[in-house]
Amino acid sequence: MKDKKQAALRRAYTSRFFKGNRLAYFAMLLSAVLFSTLNLTVTWLIQQLIDTVSGVPGSLELDILALITVGIILMIIPLKALDYISEPRFMRRAMTQFKKLAFEKLTHKSIASFRSEETSVYLSAFSNDLAAIEANYLEKQSILVFNTVWACGAMLLMVAKNPVLAAVAIGLCFLPLIASSVTGAQLSKAEKAVSERNAEFVASLNDILSGFSVIKSFRAENAAIDLLNQSTSSVENAKYRKRKISVILSTIGGLAGISAQLGTFLAGAALALSGHGITPGVIYIFLDLTGAVITSVREMPELLANRRAALALIEKMVSSLELNIRDEGTDIPNHLGNGISIHHLSFGYEPGSEILHNIDIDFEAGKSYAIVGNSGSGKSTLLNLLMASRHDYEGTICFDNSELREISSKSLYELVSMIEQNVFVFDASIRDNITMFRDFPAADVDRAIALSGLSQLIAQHGADYLCGENGRGLSGGEKQRVSIARSLLQKSSVLLADEVTAALDAQTAYQVISDILRLDGITRIIITHALVESLLRQYDGIIVLKDGHVIEKGTFEDLMEQKGYFYALYTVAQ
């Protein structure tokens, strides 16, 4: 059942190569068929010319052969034109549609996917694997058809000329095919191994580039080089094994060619000497046609093996893209009416190792809440669960009256936005980073800019100012304000903020939190480590976590009067 489902998924993906593209596809294949037929005609024509010149009785007149020659030359131009138009058009549309489907599937994955999966798998799939699929699956289609028609036509023509010699030639050509097909099956595994090792190399390279400053600071260059060298060796060893298999395939094909041509020539000579009507033209045509069959036999196993390898890469890509796609649930309004209710919530990433224990919290709509606690108390885990990062929690999380597990991803992300400590900024303009390349009314964009505190930056640089790779042209506070503006423009009813000021200086951190707290009509839940009295007094409620338990709840004044755990945290922070 699983294999049938996988095969169905693979067909769904490969069908995108041909959607609205069949006319170009069949025109491309027709061009291959006609070219191979034309080549066979040329071979027949040369045989006729040799026999005519040799004076073989029954040969065609020279003027007739001259007319046929002119006709063949004239046919080459329209055939080349057909190939010129059809193949590039088919390839362009096929790859565009396949990539579009893959990108769409990638965006359908849940947020949890990118917390639990290796992004290097996708980097490798969309670079190395797609290039291999294009080269070995699509580009080889017309070559496969050409070789098949060429070989079959050659065998039929040989049988028509001399069945006995044809049997000898064809037998010599196809015996090595069995041996090479066994080796060809290994090429698919080798191609997949190259893909997997390449993904590991991309992951290692990404780690080193991302942690370059840490590597330099701790003088770990040699260790980093060793790690990258290990990954490089793994990739190159996988390529080495693949190349060895390719050499074996090529060697088998070469042996087939030598043995078939020499064997055919010897058999033809023996038949000619024994008086079986073998003319010089027939000897020529058998040598040429045997070469055609040999070429096809030599290339076919590798072509088919590469095709199987490409299909294996498609299946690998399908498996990755279909993993962790969140099932669609119920659509809910994009405005929070009453609030968020969490009851008896328990959760752990590993069985038997809970991080959150029997949590009960009610967040009223439109109010602001701070979540505080020491490192490892479960603060970020709680916010991630509110963003549907996992569904395997115990208890309930309800947005108004809808349980989180039953809410569709589209509805949830329209209702809730999350600002994280590390804000991703595209290498694009400030405006594009705020709008996320979507169209919004100018008044809405200007309002989001003003409320998020970006007005001064826009006035200084302009909305078309390029932010640089990963926002290196912006300060930490400016990137956080871009993230706030995104949420405001999306008109999210709930705003989650996870340690957004941890990497900012005290003054910038204070201003960013103040900007968030001034946003009226939005439910704000903020994880904070900055225990500043003037800010804490602005929250409608403070939730205190310790070891995955909610141990205190209340306003700043209430918690200070209790002189409990929060009081101790606040006092130590001063």
Q: Take atom CG of Asn401 as the centre, draw a 6.0 Å sphere, and report whether it contains more than 12 heavy atoms from other residues, nucleotides or ligands.
A: no
Q: Which heavy-atom pair separates Ala132 from Leu313 by the least distance, and what is that distance?
A: CB-CD1, 3.6 Å
Q: In terms of heavy-atom contacts, does CZ of Arg537 have more than 12 from other residues, nucleotides or ligands at under 6.0 Å?
A: yes
Q: Could you check whether atom CD of Gln507 has more than 12 heavy atoms from other residues, nucleotides or ligands sitting under 6.0 Å from it?
A: no
Q: Where does the angle between the aromatic ring planes of Tyr137 and Phe17 fall among parallel (under 30°), tilted (30 to 60°) and perpendicular (over 60°)?
A: tilted
Q: Please round to the nearest 0.5 Å and tell me the distance separating atom CD1 of Ile551 and atom CG of Leu545.
A: 8.0 Å
Q: When rounded to the nearest 0.5 angstrom, what distance separates CD in Glu552 from CZ in Phe566?
A: 8.5 Å
Q: Is Tyr570 close to Leu536 at the side-chain level, that is, under 4.5 Å between some pair of heavy atoms?
A: yes
Q: Determine the minimum heavy-atom distance between Leu519 and Leu495, stating which atoms define it.
A: CD1-CD2, 4.1 Å
Q: For residues Asn358 and Ser346, is any side-chain donor paired with an opposing acceptor at under 3.5 Å?
A: no
Q: Ignoring hydrogens and geometry beyond distance, is a side-chain donor-acceptor pair present between Tyr13 and Glu315 at under 3.5 Å?
A: no
Q: Enter the distance from Ser380:OG to Leu496:CG here, rounded to the nearest 0.5 Å.
A: 11.0 Å
Q: Within the supplied structure, the quantity of interest is the number of heavy atoms (other residues, nucleotides, ligands) at a distance under 6.0 Å from Glu364 CD; does it exceed 12?
A: no
Q: Got a second to check how far Glu139's CD is from Met91's CE, nearest 0.5 Å?
A: 4.5 Å
Q: Over 60° means perpendicular and under 30° means parallel, so tell me whether His461 and Tyr465 are parallel, tilted or perpendicular.
A: parallel
Q: Could you check if a side-chain atom of Ile542 sits within less than 4.5 angstrom of a side-chain atom of Lys553, using non-hydrogen atoms only?
A: no
Q: Determine all donor-acceptor pairs shorter than 3.5 Å in which one atom belongs to a side chain in residues 450-460; sequence neighbours excluded.
A:
{"from": "Ser452", "atom 1": "OG", "to": "Ala448", "atom 2": "O", "distance (Å)": "2.7"}
{"from": "Ser452", "atom 1": "OG", "to": "Ile449", "atom 2": "O", "distance (Å)": "3.2"}

Q: Has the side chain of Thr523 got a donor or acceptor atom that lies under 3.5 Å from a matching backbone atom of Val494?
A: no
Q: Phe347 and Ile359: side chain to side chain contact (heavy atoms under 4.5 Å, CB included), yes or no, with the steps?
A: CA-CA 9 Å; Phe347 173 76; Ile359 301 291; over 6 Å; no
Q: So do the side chains of Leu386 and Ile342 get within less than 4.5 Å of each other, counting heavy atoms only?
A: yes
Q: For Glu104, does the CD atom have more than 12 heavy-atom neighbours from other residues, nucleotides or ligands under 6.0 Å away?
A: yes
Q: Taking the side chain as C-beta and beyond, is there a heavy-atom pair between Val550 and Val544 under 4.5 Å?
A: no
Q: Answer yes or no: are there more than 12 heavy-atom neighbours, outside Leu466 itself, under 6.0 Å from its atom CG?
A: yes
Q: Please indicate whether Arg89 has more than 12 foreign heavy atoms, meaning atoms of other residues, nucleotides or ligands, lying under 6.0 Å from its CZ.
A: no
Q: In chain order, what residues pass the ring pair (Phe, Tyr, Trp, His ring centres under 6.0 Å) check against His357, with sequence neighbours excluded?
A: His549
Q: Answer yes or no: is there a donor N or O on one side and an acceptor on the other, between the side chain of Arg472 and the main chain of Cys467, under 3.5 Å?
A: no
Q: If you look at every heavy atom in Ser493 and Leu336, which pair is closest and at what distance?
A: OG-N, 2.9 Å
Q: Start with the C-alpha distance between His344 and Glu394, add both sets of side-chain angles, then the distance that settles side chain to side chain contact (heavy atoms under 4.5 Å, CB included), and finish with yes or no.
A: CA-CA 7 Å; His344 306 298; Glu394 295 179 9; over 6 Å; no
Q: Could you go through residues 433-441 and list every donor-acceptor pair under 3.5 Å that involves a side-chain atom there, pairing it with any protein atom two or more places apart or in another chain?
A:
{"from": "Asn433", "atom 1": "OD1", "to": "Phe426", "atom 2": "N", "distance (Å)": "2.7"}
{"from": "Asn433", "atom 1": "OD1", "to": "Arg486", "atom 2": "NH2", "distance (Å)": "3.4"}
{"from": "Asn433", "atom 1": "ND2", "to": "Phe426", "atom 2": "O", "distance (Å)": "3.0"}
{"from": "Asn433", "atom 1": "ND2", "to": "Ala428", "atom 2": "O", "distance (Å)": "3.4"}
{"from": "Asn433", "atom 1": "ND2", "to": "Ser429", "atom 2": "O", "distance (Å)": "3.1"}
{"from": "Thr435", "atom 1": "OG1", "to": "Arg431", "atom 2": "O", "distance (Å)": "3.0"}
{"from": "Thr435", "atom 1": "OG1", "to": "Phe437", "atom 2": "N", "distance (Å)": "3.3"}

Q: Does some side-chain heavy atom of Glu499 sit less than 4.5 Å from a side-chain heavy atom of Thr528?
A: no
Q: Check Lys379 against Val372 and note the closest heavy-atom contact, atom names and distance.
A: CD-C, 3.7 Å
Q: Between the side chains of Ser408 and Ser411, is a donor N or O closer than 3.5 angstrom to an acceptor N or O?
A: yes
Q: Are Asn21 and Arg16 side-chain neighbours, meaning at least one heavy-atom pair lies under 4.5 Å?
A: no
Q: Determine, stepwise, if the pair Ser195 / Lys316 fulfils side chain to side chain contact (heavy atoms under 4.5 Å, CB included).
A: CA-CA 9 Å; Ser195 172; Lys316 175 174 171 280; 2.9 Å; yes
Q: Given the rule in the salt bridge (Lys or Arg N to Asp or Glu O under 4.0 Å) test, do Glu200 and Arg197 qualify, once you have shown the distances and angles that lead to the verdict?
A: CA-CA 5 Å; Glu200 293 169 3; Arg197 299 296 82 75; 3.0 Å; yes
Q: Let me confirm one number: the CG-NZ distance from Leu304 to Lys140, rounded to the nearest 0.5 Å.
A: 12.0 Å
Q: Of all the heavy-atom pairs spanning Leu559 and Tyr567, show the shortest one and how long it is.
A: O-CB, 4.3 Å
Q: May I ask you to decide if Asp400's main-chain N or O and Asn338's side chain share a donor-acceptor pair within less than 3.5 Å?
A: no
Q: Hey, are the side chains of Lys546 and Asn374 touching, using non-hydrogen atoms and a 4.5 Å cut-off?
A: no
Q: Strictly by modelled atom types, are Asp515 and Gln511 linked by a side-chain donor-acceptor pair under 3.5 Å?
A: yes
Q: With rounding to the nearest 0.5 angstrom, report the CZ to OH distance, Arg22 to Tyr25.
A: 8.5 Å
Q: Could you report the tightest heavy-atom contact between Gly462 and Ile430, atom names first, then the distance?
A: O-CD1, 3.9 Å
Q: Do Leu385 and Leu345 touch side chain to side chain, with heavy atoms closer than 4.5 Å?
A: yes
Q: Kindly indicate, with the supporting measurements, whether the criterion side chain to side chain contact (heavy atoms under 4.5 Å, CB included) is fulfilled by Asp498 and Ile419.
A: CA-CA 6 Å; Asp498 186 1; Ile419 307 173; over 6 Å; no
